[in-house]
Student: 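This is the structure, below, for whatever I ask next.
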Amino acid sequence: MARRYTTFDNRHLDAVVSRLRRKIAKSTDLPSPIKVIYGTGYAFTSPGRID
């Protein structure tokens with residue numbers, strides 16, 4: 001069961017992102033698509049190609 005958080009803690013988000021990165025690394029050989037933007041937060045990135 002999910003818990004409701006009435007206050008948001010940045011350390012909780014860091015822990016969730018860390019677990020998600022581990023799961024991605026375990027199931028794929030690709031670099032993590034979640035990047036840190038210092039002082040702002042996180043960004044989801046995906047490798048792209050320009051033809």
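Numbers for residues simply follow the sequence, beginning at 1.
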Student: Would you compute the distance between atom OG of S27 and atom CZ of R22 and round it to the nearest 0.5 angstrom?
Tutor: 13.0 Å
Student: Within a strict 4.5 Å, meaning less than it, do heavy atoms of the L30 and I24 side chains meet?
Tutor: no
Student: If you count the non-hydrogen atoms of other residues, nucleotides and ligands that lie under 6.0 Å from NZ in K26, is the total more than 12?
Tutor: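 At most 12 heavy atoms, drawn from other residues, nucleotides or ligands, come within 6.0 Å of this atom.
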Student: Using only atom types and a distance under 3.5 Å, with no angle test, would you say the side chain of S32 pairs donor to acceptor with the backbone of R21?
Tutor: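 Not a single qualifying donor-acceptor pair exists.
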Student: Begin with the C-alpha distance, continue with both residues' side-chain angles, and end with the deciding distance and a verdict on side-chain contact (heavy atoms from CB on, under 4.5 Å) for D14 and Y42.
Tutor: CA-CA 10 Å; D14 292 340; Y42 295 96; 2.5 Å; yes
